[in-house]
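Presented below is the structure to which this report refers.
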Amino acid sequence: MESTFIECENLVKIYKVADLEVVALQGIDLSIAAGEMMALVGPSGSGKSTLMNILGGLDTPTAGRVRVGERDLLDMSRRDQVTYRRREVGFVWQQTARNLLPYLTAQENVELPMALDGLSARERAARARHLLEQVGLGERLKHRPDRLSGGEQQRVAIAVAMANHPRLLLADEPTGEVDSHSAEQIFNVMRAFNRDQGVTIIVVTHDLGVASRVDRVVGMRDGRTSIEILRRRDESGAAITEDEYAILDRTGRLQLPEPYIEKLAMRDRARVRLQDDHIAVWPDRAAETVKHDEESA
Ligand code: ADP
């Protein structure tokens, strides 16, 4: 079993806006293994960005615990926070303009975080060139962002994010504004860094094909994790099966996938029965009969 790299326990985030409280995270429990590449999916407003910002040290939770590596993100000094953001975590945002400085070339953009980290000019130039080659842009070193396509800009952004060898890469909708071919290149580049350097990756995406590109998909709904899809390979490493999981919280509550509930027209309660090695769940037919009688009366 791989070691746990990220551990969120009962993570709560409440935003206060004037007199209103918005509960963005309602008690997230989530473990992520070192070297995992995971996707976070879910409707807009479900708390994905809030979770990413907390994991990136850009925001602090209201309650709960969150650990990344040896760091307790709720108990960091200002100085630790700066070190964490500069060296231990890399970001890629959806808006290319947020990732790159427009008046710097691709190479200068990649060198910038290294300059902040104190590398010599020669080391910076060599590493920036190497990173840009790794993202397939070895021929575009001197191009400014406006001379690169959206997909190319995002690959430069990945090189920038990887500049200081972070152990965690957070990508918030990195493929949101590019075509499907560019999206595939972006995923391939992230997968290569994950495989070759063991960087743990969390990517927020609306991309429906994502399940086949990552190790695990975690679905979020209303500030909680809802479903998980895990990919498994058979012993030969070839065939892939995808298993879908519902999340069981600490008090034993289980959220069934919405399509299942709709398919069986389930509501209010479910009939359950313990079997030897599983639990059977049925719609509450008795309730349906009553309802049906009421309607026909
Ligand atoms: P997602 O990334 O899944 O779209 P977010 O994490 O952005 O979801 O938002 C979760 C909830 O928190 C939403 O209801 C959103 O309106 C609210 N929210 C997010 N950021 C802030 C903020 N800075 N101030 C107030 N409310 C916020």
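Order of appearance sets the numbers: ligands from 1, and atoms from 1 within every ligand.
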- prompt: Hey, are the side chains of R79 and Y84 touching, using non-hydrogen atoms and a 4.5 Å cut-off?
  reply: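 Answer no - side chains too far apart.
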- request: Could you name each residue pair satisfying side chain to side chain donor-acceptor pair (under 3.5 Å) that touches residues 28-47, not counting sequence neighbours?
  value: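 As it turns out, the side chain to side chain donor-acceptor pair (under 3.5 Å) pairs with a partner in residues 28-47, which skip direct neighbours, are E7-S31, D29-R250, E36-R216.
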Going by the atom numbers of ligand 1, which of them fall below 4.0 Å from some non-hydrogen atom of [X]?
X: V22; result: 12 (O), 14 (O), 17 (C)
X: S46; result: 1 (P), 3 (O), 8 (O)
X: P43; result: 3 (O)

With rounding to the nearest 0.5 angstrom, report the [atom1] to [atom2] distance, [X] to [Y].
X: D172; Y: L40; atom1: CG; atom2: CG; answer: 9.0 Å
X: T175; Y: Q154; atom1: OG1; atom2: CD; answer: 8.5 Å
X: L55; Y: L170; atom1: CG; atom2: CG; answer: 6.0 Å

Considering non-hydrogen atoms of the protein only, which is the closest contact for [atom], and what is the distance?
atom: atom 12 (O) of ligand 1; value: A24 CB, 3.3 Å
atom: atom 27 (C) of ligand 1; value: Y15 CD1, 3.2 Å
atom: atom 3 (O) of ligand 1; value: K48 NZ, 2.8 Å
atom: atom 5 (P) of ligand 1; value: T50 OG1, 3.7 Å
atom: atom 7 (O) of ligand 1; value: S49 CB, 3.8 Å
atom: atom 13 (C) of ligand 1; value: G45 O, 3.9 Å
atom: atom 8 (O) of ligand 1; value: G47 N, 3.1 Å

field: By side chain to side chain donor-acceptor pair (under 3.5 Å) - contacts of D59 (at least two apart)
entry: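 If we apply the side chain to side chain donor-acceptor pair (under 3.5 Å) test to D59, skipping adjacent residues, the hits are K13, Y15.
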Sub-4.0 Å heavy-atom approach of G42 to ligand 1: no
- prompt: Hey, is the main chain of H130 close enough, under 3.5 Å, to the side chain of E133 for a donor-acceptor pair?
  reply: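 No; zero donor-acceptor contacts below 3.5 Å.
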- prompt: Ion pair present between D284 and R269, side-chain N to carboxylate O less than 4.0 angstrom?
  reply: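 Looking at D284 and R269, the cut-off is met.
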- request: Give a yes or no on whether H181 atom NE2 has more than 12 heavy-atom contacts from other residues, nucleotides or ligands under 6.0 Å away.
  value: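 Count not over threshold, so no.
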query: Which bit of V17 gets closer than 4.0 Å to ligand 1, counting heavy atoms only: side chain, backbone, both or neither?
result: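 V17 to ligand 1: side-chain contact only, backbone stays beyond 4.0 Å.
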message: Tell me whether atom 16 (O) of ligand 1 lies less than 4.0 Å from at least one protein heavy-atom position.
response: no
